[in-house]
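Below is one structure; the comments refer to it alone.
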Protein chains: 2
Amino acid sequence: MAASESVRIAEAHMRFVEAWGRMGSVWGISRTMAEVHALLYITGRALCTDDVMELLEISRGNASMSLRALVDWGIVSRVHKRGDRKEYFVAEQDVWTIFRSIVRQRIKREVDPLLASLYEVRDDLAPASATRTDPDVKARVEAMIDFLELCAALGDRFAGPTGPGLQLAASLLARNHRVKRTD
Amino acid sequence: MAASESVRIAEAHMRFVEAWGRMGSVWGISRTMAEVHALLYITGRALCTDDVMELLEISRGNASMSLRALVDWGIVSRVHKRGDRKEYFVAEQDVWTIFRSIVRQRIKREVDPLLASLYEVRDDLAPASATRTDPDVKARVEAMIDFLELCAALGDRFAGPTGPGLQLAASLLARNHRVKRTD
DNA sequence: CATCAGTTTCAGAATGTTTTGAAATCTGCT
DNA sequence: AGCAGATTTCAAAACATTCTGAAACTGATG
């Protein structure tokens with residue numbers, strides 16, 4: 001049997017799902033994954049694999065993969081219903097928490113490896129043919145490293161599990177445009 | 001004739017280019033585009049299409065497309081050499097300015113259209129069958145809209161042409177972890 | 001321990017993106 | 001205008017990602 005009793009979705013909900021799906025690329029996830037997340041988010045209900053398959057018209061494999069990936073990203077969790085062997089899934093409801101998880105994941109997956117490569121490049125630039133190397137090149141690599149480290153640090157601060165990122169952001173926005181220089 | 005006299009590149013430079021290329025997905029551009037940018041950035045020189053083709057071993061069409069796209073993004077500019085009909089390209093050297101351009105482009109291309117869709121969804125949710133609609137659904141759409149608006153505003157503030165984003169970021173990092181709540 | 005509902009896996013198919021290369025276009029010079 | 005070097009375009013090919021569906025697996029139950 002297919003979906004749990006009455007899983008119907010208003011047309012407007014589906015448009016939300018589609019809009020969110022198109023946004024997938026921004027978050028670095030596939031369209032379907034984003035749609036699955038949107039579906040869980042907008043309904044606010046616990047849905048099972050069959051519900052997702054049916055509503056989004058995707059295959060069982062795809063639904064299973066996407067749900068699992070969302071759980072790995074930490075923005076969807078598994079829940080169980082008493083007396084039901086099926087697994088159900090719910091999306092994190094707090095937008096800021098969703099954002100946190102995504103930012104942290106992406107830094108870990110993408111910025112950190114890049115930084116690792118850049119450290120290697122810097123180390124190769126430094127010791128050996130130090131005299132023959134254009135000092136500007138070193139400076140540029142350094143600048144890039146500094147910038148990415150700043151990004152990672154900011155990400156941690158903003159998106160860290162303890163950080164009240166929202167307030168920080170708000171206060172940042174509220175401040176006046178110019179900030180007194182510290183140098 | 002191929003590249004301008006002596007365009008040679010140290011092995012370490014190429015590793016920088018590759019590392020940066022892999023990062024392309026984060027910035028939402030293709031690997032090659034990212035590599036072209038990295039090449040221009042790390043050499044700090046003005047290179048012509050042929051230089052890029054040769055160093056990156058890509059086709060003329062691809063080099064042309066990638067360079068043009070980078071110019072569109074505002075992180076590479078065309079320069080001319082007196083007595084030379086060729087066009088040369090240089091990358092913006094300030095990391096923060098590069099970041100600014102990218103953030104602004106991405107907000108314009110990705111967040112703004114999504115927000116537009118969400119406004120439509122909200123408007124569809126409000127007037128007609130207002131009684132039949134789960135109020136929580138409206139709240140969730142609102143929450144998402146608010147969040148994205150905050151993102152766009154933050155992006156503008158941080159990455160705006162006038163904003164001293166770096167100082168803001170630094171001061172943010174320097175602050176103590178907890179910020180007094182404003183409510 | 002055989003069965004069954006439910007879940008995951010994975011090779012191949014479908015789809016989407018990027019690259020090529022040659023032809024068309026442009027630009028500035030004589 | 002006619003030419004020559006430089007650049008852009010674009011259809012087809014190469015490549016990469018995502019999706020499907022059927023088979024394999026899991027683990028609770030009688």
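The basis for the numbers below is simple: all heavy atoms, side chains too, and nothing from hydrogens, waters or symmetry mates. Proteins come first, then strands; the chains are lettered A, B, ... in the order of their sequence lines, and each starts at number 1.
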Distance in angstrom units between [X] [atom1] and [N] [atom2], rounded:
{"X": "B:E87", "N": "C:dC26", "atom1": "CD", "atom2": "P", "value": "15 Å"}
{"X": "A:M53", "N": "C:dT8", "atom1": "CE", "atom2": "P", "value": "13 Å"}
{"X": "B:E57", "N": "D:dA14", "atom1": "CD", "atom2": "P", "value": "19 Å"}
{"X": "A:D50", "N": "C:dT8", "atom1": "CG", "atom2": "P", "value": "12 Å"}
{"X": "B:R78", "N": "D:dT8", "atom1": "CZ", "atom2": "C1'", "value": "10 Å"}
{"X": "B:K86", "N": "D:dT8", "atom1": "NZ", "atom2": "C1'", "value": "17 Å"}
{"X": "A:D84", "N": "C:dG6", "atom1": "CG", "atom2": "P", "value": "7 Å"}
{"X": "B:K81", "N": "D:dA6", "atom1": "NZ", "atom2": "C1'", "value": "15 Å"}

Sort me out a list of protein N/O and nucleotides 14-16 of chain C N/O pairs below 3.5 Å, or just none if empty.
none

Write down the protein N/O and nucleotide N/O pairs, taken from nucleotides 26-30 of chain D, whose separation is under 3.5 Å; answer none if there are no such pairs.
unit_1, atom_1, unit_2, atom_2, d
D:dG27, N2, A:R85, NH2, 3.0

Check side chain to side chain donor-acceptor pair (under 3.5 Å) between [X] and all other residues, then give those that pass, not counting sequence neighbours.
{"X": "B:E18", "answer": "none"}
{"X": "B:E92", "answer": "none"}
{"X": "B:R122", "answer": "B:E142"}

Nearest 0.5 angstrom please: A:L118 CG to A:F147 CZ, how far?
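With rounding to 0.5 Å, CG (A:L118) is 12.0 Å from CZ (A:F147).
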
Which of these nucleotides, C:dT18, D:dT7, C:dT8, is closest to any side-chain atom of A:R60?
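Closest nucleotide to the A:R60 side chain: C:dT8.
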
Measuring from the side chain of A:S59 (C-beta onward, heavy atoms only), which nucleotide among D:dT20, D:dT8, C:dT19 has the closest atom?
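Selected nucleotide (nearest to the side chain): D:dT20.
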
Of all residues at least two apart in sequence or in a different chain, which pass the side-chain contact (heavy atoms from CB on, under 4.5 Å) check with [X]?
{"X": "A:S59", "result": "A:N62"}
{"X": "A:A69", "result": "A:M33"}
{"X": "A:R68", "result": "A:D72"}
{"X": "A:A63", "result": "A:T49, A:V52, A:M53, A:I58"}

Are B:S30 and C:dT19 close enough that a side-chain N or O sits under 4.0 Å from OP1 or OP2?
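Looking at the OP1 and OP2 atoms of C:dT19, one of them is under 4.0 Å from a side-chain N or O of B:S30.
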
Among pairs that include at least one residue of residues 21-44 of chain B, which meet salt bridge (Lys or Arg N to Asp or Glu O under 4.0 Å), considering only residues two or more places apart or in two chains?
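Output for this query lists B:R31-B:E35.
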
For A:E149, all residues meeting salt bridge (charged side-chain N to carboxylate O under 4.0 Å, His left out), sequence neighbours excluded:
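Listed in chain order: nothing, the list is empty.
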
Using a 4.0 Å cut-off on heavy atoms, which residues in residues 61-68 of chain B reach DNA chain C? List them by number, or say none.
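Contacting residues: B:G61, B:N62.
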
Is a side-chain donor or acceptor of B:R140 paired with a backbone partner of A:Y41 at a separation under 3.5 angstrom?
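Checking the backbone N and O of A:Y41 against the side chain of B:R140, a donor-acceptor pair under 3.5 Å is found.
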
